[in-house]
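Okay, so here's the structure we're looking at.
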Amino acid sequence: MWQPSSYVLVLPDHGNSEAIPVESDYSSPGYVRFDHASGRPWVVGRLLGRRLVYARDRNTQIVVIGSSSADIGQLEQILRKMKTITDLPVLTHGIAGNFVVIASREESIIAFGPVFQTYRLFTCQVNGMPLISDRADMLASICRSRMDRSALALKLISSVPDQHLADRPMWEQISSCPGGTYLLVDKNGCLRSAKWWNRPGARLRREEGAELLRDELARAVGARRVGFDHIACDLSGGLDSTPICYLSSTLGRTTAVTYFNDDPGGREDLSWARKAIVSMPEIEAHVVQSIDDAPQFFGGLRDMSIVFDEPSQVPLAAPRMQYTLEFDAESQIGMHLNGAGGDHLLRGVPVWNHTLARNKPLFAWRRICADPDLKAYGRCSLLRQLLNRQSYGQWLKDLASGGLEDFHHDGEAGLRVRVDSWFVPPQFPSWLTSEARELLRNSFLEAAEADCPLASDRAGHFDRLSILEAGRVVRNTQIVGDCCGVSYEAPLLDDRVVEAVLAVRYEERDGPLEWKPLMKQAMMGFLPDDYLHRTTKVGGSPQVIRGCWGNAREVMEILEDSGLFGTGLVNKEILQREAAPSMTDGPPGSIISAINIGLFLRNLHSHGLY
C-alpha cells in the first residue's frame, strides 16, 4: 500500500478492516493510531508537523487534525453540547484554522474538512466497506484503481467551470467530499454525505466587514502559532502576505522573508516591504534574498520527486517553494505562512455587476463603464451581457457544443471574462485529440444536465468556485511543505476568514478603480499610511521567459518520460510546436498545464501509482 509523506486513513468498525494493510507499528515518531471500542483501528496516519487534538466523552471520541485553535477542553465542551453526531460541523465551525474533524459515536463515524477545500477528504469502497482518507492516491493504491481519463482530460483545459467536475478525483472508484458537506458512515457500514454549510448573506458595509476580516485573520494566524514560538512569514510587500506578517508579529517571534530580483521593477516589492515592516512589533529577522539564487522558473524539475494526488499549478513551482522552505528547516522553523488566495478573495470580477444589476441597474452600469478591463467591449455588447439571463445549464451546453469546436492558441484575448460568464471561460488547446474533446464534451453535457451552480446568481457561483480553485492549489502547496518538514499555510483561505469577506456587499468589497480596499480598510491604523497607498503588484514575466529558454529541453524530456503523450489525449507534434520558447512571451497557459500534468504523472509512475 502506497503511503504518502503525510496522510490520514479512517476505517469503520468492520471485520473486513483487518484486511487493509495498515502500518503495524504506530509507535514511530509521526505515526498515530486510534481504535474503536472493539480494538480495530479507527484513525491511522502519519502526521508530519500537523497538530492533533483528541478528546472523548463516554461513547464518543473526536480527533481534530491540522492547524487549529482547538484544545482538549474545547472539544470536551463540544461533545457535551452535541445531541447527534451530525451536529459536529456546526459546533466545530467556530474553531479557527485549517483542519479535518473525525468523530465516532456508537459505531457511526463522521468526517469533514474545510468548506473551501484547503484540506480534502476522499472515499472508496473495499469489500463493501467504506474507507475515508485525505489522500486520493492512497485510496487508489488500496483499491488498485485505474486513472480516470475524463478527469485527466479536464485537467488539460485552463479552467473547469463546474464544482463537481473540478472536484473529480483522478482515479476511478474514488469519490470526493465537496466542501461544506460531511461524510457519515452508519453502524451498518453505509456511507452517505450531506450538505451542512450555507454562504453568509452579503450585508456588511466595508467598515464593518474590514473589522471582521481583521479579527478572523488574526485568529487564523494565531491558530498557526499554537505550538510554535517562532514562525516565518512571506513579506512580499503586497496586501495579502503583509497583513499576515504584521498579525503574526503581534503574537510572537516572526521571521519575515522578502525576495527581490534585478529585472525592471524587481525591487519594488522589497521597497514596499520595508515601508510596512517598521510597524511590526516582534520581527526576529528580515531575511532579504535574491530570487535569482533559487531554481529558475521551469528549473529543478528533474529532481522534484513530490507525489501529488491531483494536478495543479504547484508541481512546476515546487522547486522554488522547496528552496524557501529548506531555509526554514535549516533554521528550525516549523511553520511558514503565505498570502495565497488573496487575489481570489479580495479582487472583484466583472460578473459581480451582473448580480448587482438585479437591484441597482444604474449603479452596476456605472461600474461596468468605469472598469478598464471591459474597455475592449463596446457599450452595446456590454448592455447585452448585462441583460443576459441564460441559465447555468444552458451556458455549459453552449461550451460543450460551441466552445469545443473553436480551437485557438490561448492568448490573453481568449481569457477575457465577460459580464455574463458564470465562470472564467475555459480554453481548449489546439493539441487536444478528438478523444479528449469527446471526453470533455460528455463531461460538460453531464454537468449541464445536472445544472447545479454553487449559487443561483453568477457572482455567487463565480466567487465560490474561484475560492475553491485557490483552496485546491493551497492544499498542494501544503503537501510541498510536508515533504520539507515545514507546515506551509495560507490563513487567508480559512473558512472563517473567507466568510468574513463574503459577508461584505459586492460594491463594498472592491471597485473597478480600487486595489483591495477591504484589506486596506482592515489594516488602517495598523500598517503605515504610506504603505496602504499601494495600488500595483509587479509580475515575473522576464524570469518566466528566461526559465522557459533555459530549461526547454529538460521540460520536453519530462513530458516524454511522463507518459502524457501515451494517454491518447494529446497531439504530441502540435504541443511540442506550441511549447517552443519565445523571446518575448512566456508559454501559453495550456502548455504550463501540460507540464504540471506531466510532472504529476511522472511522479505517480515512479511509485507505481500510474
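Since the structure is predicted, the reported quantities are computational estimates derived from the model, not experimental observations.
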* Is Arg464 reaching over with its side chain to a backbone N or O of Phe116, donor-acceptor style, under 3.5 angstrom? -> no
* Asked: Does any non-hydrogen side-chain atom of Ser487 lie less than 4.5 Å from one of Arg224?
  -> no
* What are the two closest heavy atoms between Ile157 and Phe428, and how far apart are they? -> CG2-CD2, 3.7 Å
* Asked: Are side-chain heavy atoms of Asp35 and Arg40 found at a separation under 4.5 Å?
  -> no
* Asked: Does any non-hydrogen side-chain atom of Ile595 lie less than 4.5 Å from one of Ile558?
  -> no
* Asked: After noting the C-alpha distance and the side-chain angles of Ile479 and Arg135, does the key distance pass the side-chain contact (heavy atoms from CB on, under 4.5 Å) rule?
  -> CA-CA 10 Å; Ile479 291 173; Arg135 291 288 299 233; 3.5 Å; yes
* Do any N or O atoms from the side chain of Ser145 and from the backbone of Glu172 form a donor-acceptor pair under 3.5 angstrom? -> yes
* To do: Would you confirm whether Ser133, through its side chain, and Leu9, through its main-chain N or O, come within 3.5 Å as a donor-acceptor pair?
  => no
* To do: Would you indicate whether His93, at its atom NE2, is surrounded by more than 12 heavy atoms from other residues, nucleotides or ligands within a distance under 6.0 Å?
  => yes
* Asked: Ignoring hydrogens and geometry, is there a side-chain-to-backbone donor-acceptor pair from Asp13 to His36 under 3.5 Å?
  -> no
* To do: Indicate whether the side chain of Asn551 and that of Gln296 have a donor and an acceptor atom separated by less than 3.5 Å.
  => yes
* To do: Using modelled atom types only, decide if a donor and an acceptor are shared between the side chain of Asn338 and the backbone of Glu489 within a distance under 3.5 Å.
  => yes
* Sidechain-backbone polar pair: Asn603 side chain, Ile306 backbone, donor-acceptor under 3.5 Å -> yes
* Residues Trp422, Tyr392; criterion ring pair (Phe, Tyr, Trp, His ring centres under 6.0 Å); working and verdict -> CA-CA 7 Å; Trp422 281 88; Tyr392 174 67; 5.3 Å; yes
* Asked: Between His607 and Asp137, does a side chain to side chain donor-acceptor pair (under 3.5 Å) hold up when you go through it step by step?
  -> CA-CA 10 Å; His607 289 85; Asp137 50 357; over 6 Å; no
* Applying the side chain to side chain contact (heavy atoms under 4.5 Å, CB included) test to Leu75, which of Val101, Leu91, Val64 qualifies? -> Val64
* Structure fact -> For Val115 and Leu468, the nearest pair of non-hydrogen atoms, with its separation, is O-CD2, 3.5 Å
* Parallel, tilted or perpendicular: which describes the rings of Phe462 and Phe423, with under 30° parallel and over 60° perpendicular? -> tilted
* **Which atom of Leu47 lies closest to which atom of Ser6, heavy atoms considered** => CA-OG, 3.9 Å
* Judged by atom type as modelled, is there a donor-acceptor pair below 3.5 Å linking the side chain of Arg437 to the main-chain atoms of Leu432? -> yes
* Could you go step by step and tell me if Leu564 and Phe600 meet the side-chain contact (heavy atoms from CB on, under 4.5 Å) rule? -> CA-CA 10 Å; Leu564 177 61; Phe600 164 76; over 6 Å; no
* May I ask you to test the Arg120-Glu310 pair for a side-chain heavy-atom distance under 4.5 Å? => yes
* Applying salt bridge (charged side-chain N to carboxylate O under 4.0 Å, His left out), run through Arg192 and Asp186 and close with a yes or a no. => CA-CA 8 Å; Arg192 68 179 178 89; Asp186 66 23; over 6 Å; no
* Lys/Arg cation over aromatic Phe99: Arg51, 6.0 Å, 45° cone -> no
* Kindly check if the number of other-residue, nucleotide or ligand heavy atoms within 6.0 Å of CD (Glu435) is above 12? => yes
* Asked: Can you tell me if Asn571 uses its side chain to pair, donor with acceptor, with the backbone of Glu573 under 3.5 Å?
  -> yes
* Kindly indicate, with the supporting measurements, whether the criterion salt bridge (charged side-chain N to carboxylate O under 4.0 Å, His left out) is fulfilled by Asp561 and Arg602. => CA-CA 7 Å; Asp561 296 341; Arg602 181 199 66 179; over 6 Å; no
* Just checking, is any N or O donor in the side chain of Thr118 or Asn98 under 3.5 Å from an acceptor N or O on the other one? -> yes
* Has the side chain of Asn596 got a donor or acceptor atom that lies under 3.5 Å from a matching backbone atom of Leu316? -> yes
* Nearest 0.5 Å, what's the CD1-NZ distance between Ile109 and Lys187? -> 14.0 Å
* Evaluate the side-chain proximity of Ser305 to Ser606: yes if any heavy-atom separation is below 4.5 Å, no if none is. => no
* Determine, for Tyr259 and Arg320, whether the Lys NZ or Arg CZ falls below 6.0 Å from the six-membered ring centre while staying within 45 degrees of the axis. => no
* Asked: Would a 4.5 Å heavy-atom cut-off, applied to side chains only, mark Glu446 and Glu449 as touching?
  -> no
* Asked: Any side-chain heavy atom of Leu139 within less than 4.5 Å of one from Gln173?
  -> no
* In Å and rounded to the nearest 0.5 Å, what is the CG to OH distance from Asp328 to Tyr323? -> 11.5 Å
* Structure fact -> Of Val480, Leu599, Leu604, the one forming a side chain to side chain contact (heavy atoms under 4.5 Å, CB included) with Phe308 is Val480
* Structure fact -> Lys155 and Ala166 have their tightest heavy-atom pair at NZ-O, 3.6 Å
* Assert yes or no for the condition that the ring centre distance of Tyr54 to Phe34 is strictly below 6.0 Å. => yes
* Asked: Do Arg225 side-chain atoms and Val221 backbone N/O form a donor-acceptor pair below 3.5 Å?
  -> no
* Does the side chain of Tyr7 come under 3.5 Å of the side chain of Asp134 through a donor N or O and an acceptor N or O? -> no
* Structure fact -> Which of Leu439, Leu154, Asp162 passes side chain to side chain contact (heavy atoms under 4.5 Å, CB included) with Phe444? It is Leu154
* Is the closest side-chain heavy-atom distance between Met170 and Pro311 below 4.5 Å? -> yes
* Structure fact -> Rounding to 0.5 Å, atoms CZ (Arg105) and CD1 (Ile62) come to a distance of 10.5 Å
